[in-house]
Structures are given as C-alpha cells and as structure tokens.
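Just so it is clear, the structure is predicted and the values come from calculations on it, not from any experiment. Each residue takes its place number in the sequence, starting with 1.
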Amino acid sequence: MSLSDYTETEGLPAADRTPYKPWSYDAANATLYIPRLKPGQDRWFAAALSGQKGKAPSRLGVFAEHPRHKRWEMVSVVDLDSHELPDIALDHNGYATAVPADGNKQLAADADLLRTAVLDNFATGGTRTGKKTLAPTKASKRQIKVHDKTGTRYGNQATTVFSGAANRHTDAYALKTTDGGALVLFSHTHTQTDTVAHSGLQLNPSKDDRAWLHDLPRTSITYTFVCNDAATVPAKAAPSRLIGYTCARTDAAGPPAGPWSNRA
C-alpha cells in the first residue's frame, strides 16, 4: 500500500506532486495491546495510534516481528470511524490475550468469513453475506455506498463490476475483548473493472492513473485495491461490527482503445 502511493505520485507531473512532509505517531498517546504468546509463536502486538499530539487515537496498527529477519514492521493499519476503542480484555499484569483469528469456533465469525462479507459489500452491496455477517456501521455502509455509487456512474455507456482477487496478505490477528468476543484485524484484496458498453467508446484514465495506464485510453480498466480491515466479533451468534477499513489502489491495467473510440 505504501509502495503504491509512491508509484502513483511518481506518475504525476512534478507540478502536481504534493511534497512529502516528515510525520510521526504520538508515542506518548499510544495505547499498546501486547498479548502473551507461547514459545515459538510469531510475535506481534496491536497499537491504538494518533498522528496528532494530544489527540485521541484514530488508527489501529499491528506490528509483527519478521521471523526470518527478526525485524519489527508495521504490517497493518486501519483508520477508525470512532475514537471509542474496543474493550480489550487485559490480565492482572496488563497483557492482552491473543485468540485464533481463523477457524475459531468460539466466535460468531472468523477472519475468512469477515473477509467474504467485506468483499460482498463491494461486489453486491452486501446482499449475500455482507449484511448477514456485518451489522450496519459507518464502515460497512461506506463500502456498500462505493458499490452503489460507482456501479452507476457511467450510466448506459459503461459498466463497473467489483470482485474479490487473489489475496497475498492472509495473515490475520485477533485479541480477546471483555465481552468474550474478539477484535479481528485482517486484509483483503478486490478489483474494480470498468468496461465500455459497446465498441466506439473509450475510458480516459485520470492523472492519478498515469503511473499504471500512461494516459492511454482503454476499453476496459481493472483496478486492484489492497485493504486493511478491523471488526469486533461477538462470541455468540450475532452480527459483527466493521469499525474501520483503509484501502490503497495498487495496480491498474486494461487493453488500449483504438483510434476510432469516443470518450465514455
């Protein structure tokens, strides 16, 4: 996601580039959730973070130690829709409890089901598993709005289809909450394919597409998005709550249009 941001910026004319400014998280205001882990388990922790000094945390990040390089890395960060953080269960020493994020029968949904529900929000507007698995929240409604608004923006001149894509980032993390459920942090990948309705039309890439599409008109464009998601999941059979997600466009590709095409 970070690399795609650099790629997109480098594709812009110099006059359109926004200079990068140094920034940091407010370490003094961070809340760390450090789980007790058994010997041999991969080491990781979660952190509620704020980019402004003295402000309440607005992001959830996951830091993990790379097992081969023994180097700590931020592997996930999610923008939250609320400054109210999930109630993480802590033991008498202040440690959190890590629980399995995948295949956990003690939770109403695991990372795989949550990922399927999120993908359905984009693909169908949540008509299959999205609205069944996820309660209405700002985050889930925003995903459904992306499906509804983007899918009709071209009218009868082009179509837009969302679908799931091969996901390289299958690692997921979960912490026990005070109600017996869990906070689950996971990632997903989806595509958005825009296609002209008939020959003679073309899609003109925007300047933000230049790094991938090089200003060449296309008859179809498939955008790839990698996203980080955060959800609170109950222990009993009830809908989960998507509390935030963050996406980045990581690729765009499509067949060039012929010289006879008109703008869609």
Show, in sequence, the C-alpha distance, side-chain angles and deciding distance for Asp87 and Asp179, and conclude whether the side-chain contact (heavy atoms from CB on, under 4.5 Å) test is met.
CA-CA 8 Å; Asp87 293 323; Asp179 60 2; over 6 Å; no
Rounded to the nearest 0.5 Å, how far does CG of Leu201 lie from OG1 of Thr195?
11.5 Å
For Arg115, is there an ion pair with Asp112 - N to carboxylate O distance below 4.0 angstrom?
yes
side-chain hydrogen bond (donor to acceptor under 3.5 Å, both in side chains): pairs with one or both residues in residues 54-64, sequence neighbours excluded
Tyr25-Arg59, Arg59-Asp79
Show every disulfide bond (SG atoms under 2.5 Å apart) that has at least one partner inside residues 213-246, sequence neighbours left out.
Cys227-Cys247
What residues, two or more places apart in sequence or in another chain, satisfy side chain to side chain donor-acceptor pair (under 3.5 Å) together with Thr160?
Asp194
Hits for side chain to side chain donor-acceptor pair (under 3.5 Å) against Arg210, two or more places apart or cross-chain, chain-then-number order -> Asp215
Taking atom types as modelled, is there a side-chain donor on Asp42 or Tyr173 under 3.5 Å from an acceptor on the other?
no
Would you mind telling me which of Thr193, Thr222, Thr191 makes a side-chain hydrogen bond (donor to acceptor under 3.5 Å, both in side chains) with Ser163?
Thr191
What distance do Thr116 atom OG1 and Lys132 atom NZ have between them, rounded to the nearest 0.5 Å?
13.0 Å
Regarding Ser206 and Asp209, do their side chains bring together a donor and an acceptor under 3.5 Å, going by distance alone?
yes
In chain order, what residues pass the side chain to side chain donor-acceptor pair (under 3.5 Å) check against Thr150, with sequence neighbours excluded?
none
Considering only residues two or more places apart or on different chains, which pairs with a residue in residues 72-123 satisfy ring-ring contact (aromatic ring centres under 6.0 Å, His included)?
Phe45-Trp72, Phe122-His188, Phe122-His190
